[in-house]
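When a residue number appears, it is its place in the shown sequence, counting from 1.
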Amino acid sequence: MNILYFLVQQTMFFSIPLLIVALGGMFSERSGVINIALEGIMIMGAFAGILFISLVQPFLPGQPVLLLAILVSALTGVAISLLHAYASINMKANQIISGTAINMLAPAIAVYVARTIRTVQQIPFVNQFRIDKVPLFGDIPLFGPMLFKNTYITTYLGFLILGLSAFLLYKTRFGIRLRSCGEHPQAADSAGINVYAMRYAGVMFSGALAGLGGLVFVIPTSIEFNPEVSGYGFLALAVLIFGQWRPGRILAAAFFFGLMKAISSSYSGIDFMSAIPIPSYVYKMIPYIATLIVLAFSSKMSQAPKAAGIPFDKSAQ
């Protein structure tokens with residue numbers, strides 16, 4: 001049973017950032033803008049959040065620092081995403097190239113700023129954010145030790161974002177308009193919807209969640225930030241595609257890939273797996289092999305927004 005608890009907790013640590021970032025990608029692509037810059041935005045969000053924690057922690061320890069860092073990371077993600085939005089929407093640039101440019105630029109900026117401030121690119125922080133036990137809930141049989149012990153508030157934030165995203169996308173006027181801009185922007189424009197504004201909103205939502213996801217990825221798994229997020233932005237794109245741009249399916253996909261990542265990272269702590277004479281690099285390949293296999297079988301059933309990646313030109317109508 002202890003192995004099950006351990007594996008579930010590790011899966012949570014890896015699944016929640018994937019869930020948050022993939023939901024961010026969903027908002028952007030539902031509006032009609034492909035956001036391949038999720039990796040770069042994650043790096044910048046994590047960098048800003050961890051730098052904030054490192055600077056402020058001596059004066060304001062505890063969970064309030066993490067809550068403020070969450071806000072800093074989200075705002076940083078929004079700022080970076082505006083570059084992609086301007087290039088994709090106003091300049092009508094190729095969205096893949098724009099996103100790739102941000103992915104290349106982000107780690108370089110993070111390294112430069114970190115070395116300017118600290119002379120080294122690693123930014124250490126004291127991880128004092130783990131919650132040993134959530135009162136009352138931690139005593140629930142079976143689920144208590146899995147979900148409410150040795151956890152982080154970012155885990156519950158991920159589920160909150162999932163619920164809000166589903167509600168916003170399917171139960172509000174904003175969500176209907178956003179989806180219409182990703183499916184039939186000309187029809188949406190004819191109905192009086194500002195397609196440019198909706199696409200900007202989608203990309204900004206995407207940036208906020210990707211920036212937040214970068215911080216959520218680093219906090220439970222490290223005590224310092226080196227300007228990279230282990231390809232999680234690209235893995236989140238796979239989660240988005242496998243989840244068919246729908247919140248519920250994205251949740252299932254995030255937990256699947258999170259489980260694969262947990263196995264590849266924590267196999268040495270699981271007795272029966274560590275006893276199997278398999279080289280360690282094989283375990284480390286598991287998430288990426290799973291990604292290739294899943295995408296190979298699911299790509300034929302892809303239901304991507306019809307106008308995703310296609311610039312909208314109001315004057316061309």
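- Nearest heavy atom pair, residue Val21 against residue Leu209, reads CG2-O, 4.2 Å.
- Of the possible donor and acceptor atoms, one in the side chain of Asn103 sits under 3.5 Å from a partner among the backbone N and O of Gly40.
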Checking side chain to side chain contact (heavy atoms under 4.5 Å, CB included) for the pair Thr100/Met104: CA distance, chi angles, key distance, verdict? CA-CA 6 Å; Thr100 301; Met104 296 173 66; 4.1 Å; yes
Does the side chain to side chain contact (heavy atoms under 4.5 Å, CB included) test come out yes or no for Glu29 and Asn35, once each step is laid out? CA-CA 7 Å; Glu29 297 201 9; Asn35 192 357; 5.5 Å; no
Determine, stepwise, if the pair Ile131 / Asn150 fulfils side chain to side chain contact (heavy atoms under 4.5 Å, CB included). CA-CA 5 Å; Ile131 300 172; Asn150 298 320; over 6 Å; no
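- Considering all non-hydrogen atoms of both residues, Trp245 and Tyr170 come closest at O-OH, 4.4 Å.
- Met26 is not connected to Ile176 by any chain of hydrophobic side-chain contacts under 4.5 Å among Ile, Leu, Val, Met, Phe, Trp and Tyr, and they are in different clusters.
- For the pair Arg130/Asp132, a side-chain contact is recorded, criterion being any heavy-atom separation below 4.5 Å from C-beta on.
- Both Phe234 and Leu240 are assigned to one and the same hydrophobic cluster, defined by single-linkage of ILVMFWY side chains at heavy-atom distances under 4.5 Å.
- Judged by distance alone, with hydrogens and angles left aside, the side-chain atoms of Ser31 form no donor-acceptor pair with the main-chain N or O of Gly182 at under 3.5 Å.
- When side chains are defined from C-beta on, Ile16 counts as touching Phe159, because their heavy atoms get closer than 4.5 Å.
- Separating the CZ atom in Arg179 from the CE atom in Met198 is a distance of 10.5 Å, to the nearest 0.5 Å.
- Residues Leu23 and Ser165 approach most closely at CD1-OG, 4.0 Å, considering heavy atoms.
- Using the six-membered ring where Trp is involved, Phe217 and Tyr232 have ring planes that are tilted, between 30° and 60° apart.
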Working for side chain to side chain contact (heavy atoms under 4.5 Å, CB included), residues Ile250 and Gln244: CA-CA 7 Å; Ile250 287 174; Gln244 295 293 296; over 6 Å; no
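- Ring centers of Phe225 and Phe125: at least 6.0 Å apart, outside the cut-off.
- Using a 4.5 Å cut-off on side-chain heavy atoms (C-beta onward), Met204 and Leu82 make contact.
- When ring centroids are compared, Phe27 and Phe174 stay outside the 6.0 Å threshold.
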Report the C-alpha separation of Gln121 and Arg115 in whole Å, then their side-chain angles, then the decisive distance to 0.1 Å, and conclude whether the side-chain hydrogen bond (donor to acceptor under 3.5 Å, both in side chains) test is met. CA-CA 5 Å; Gln121 66 187 45; Arg115 287 184 175 177; 3.0 Å; yes
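- Contact record, Ser15 with Ala254: OG-O, 3.3 Å, taken as the closest heavy-atom pair.
- Between Val218 and Glu224, the shortest heavy-atom distance links the atoms CG1-O, 4.2 Å.
- Remark: side-chain polar atoms of Arg118 are not paired, donor with acceptor, to backbone N or O of Ile123 under 3.5 angstrom.
- Nearest heavy-atom pair, Gly258 versus Thr11, reported as atom, atom and distance to 0.1 Å: C-CG2, 3.9 Å.
- The main-chain N or O of Leu147 is never found under 3.5 Å from a side-chain atom of Gln9 such that the two would form a donor-acceptor pair.
- Counting heavy atoms from C-beta on, the side chains of Leu18 and Lys261 never come closer than 4.5 Å.
- Interatomic distance, Met44 CE to Leu83 CG, rounded to the nearest 0.5 Å: 9.5 Å.
- Under a 3.5 Å cut-off, the side chain of Ser54 and the backbone N or O of Ile50 do not form any donor-acceptor pair.
- Remark: the backbone N or O of Arg177 is paired with a side-chain donor or acceptor of Ser180 at under 3.5 angstrom.
- The backbone N or O of Leu212 sits nowhere less than 3.5 Å from a side-chain atom of Ser73 that would complete a donor-acceptor pair.
- From Ile161, atom CD1 reaches atom OH of Tyr156 across 15.0 Å, with rounding to the nearest 0.5 Å.
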One pair to check against ring pair (Phe, Tyr, Trp, His ring centres under 6.0 Å): Phe257 and Phe14. What are the steps and the verdict? CA-CA 8 Å; Phe257 286 107; Phe14 290 112; over 10 Å; no
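- The closest donor-acceptor contact from the side chain of Gln122 to the backbone of Ala114 lies at 3.5 Å or more, if one exists at all.
- Using a distance-only test at 3.5 Å, with no hydrogens or angles considered, no donor-acceptor pair links the side chain of Ser88 to the main chain of Ala85.
- One hydrophobic cluster, built from ILVMFWY side chains closer than 4.5 Å, cannot hold both Leu55 and Val120; they sit in different ones.
- The hydrophobic cluster containing Ile223 does not contain Val216, counting ILVMFWY residues as joined when their side-chain heavy atoms lie under 4.5 angstrom apart, directly or transitively.
- Within the 4.5 Å cutoff, the side chain of Lys133 has heavy atoms near those of the Asp139 side chain.
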Could you give me the CA-CA distance, side-chain angles and deciding distance for Tyr200 and Asn90, then say whether side-chain hydrogen bond (donor to acceptor under 3.5 Å, both in side chains) is met? CA-CA 10 Å; Tyr200 258 97; Asn90 294 83; 2.3 Å; yes
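- Put simply, OG1 on Thr291 and CE on Met285 are 12.0 Å apart, with the number rounded to the nearest 0.5 Å.
- Within a 6.0 Å sphere centred on CG of Leu136, other residues, nucleotides and ligands contribute 12 heavy atoms or fewer.
- Side-chain atoms of Ser206 come within 3.5 Å of backbone atoms of Gly24 as a donor-acceptor pair (strictly under, hydrogens ignored).
- Put simply, the side chain of Leu169 reaches to within 4.5 Å of the side chain of Pro247, judged on heavy atoms.
- Rounding to the nearest 0.5 Å gives a distance of 12.5 Å between CD1 of Ile102 and CD1 of Ile97.
- For the pair Gln128 and Gln57, the minimum side-chain heavy-atom distance is below 4.5 Å.
- A continuous path of ILVMFWY side-chain contacts below 4.5 Å connects Ile293 to Ile263, so both sit in one hydrophobic cluster.
- Heavy atoms from other residues, nucleotides or ligands lying under 6.0 Å from NZ of Lys92 number more than 12.
- We find the CD1-CD1 distance between Ile43 and Ile109 to be 10.5 Å, quoted to the nearest 0.5 Å.
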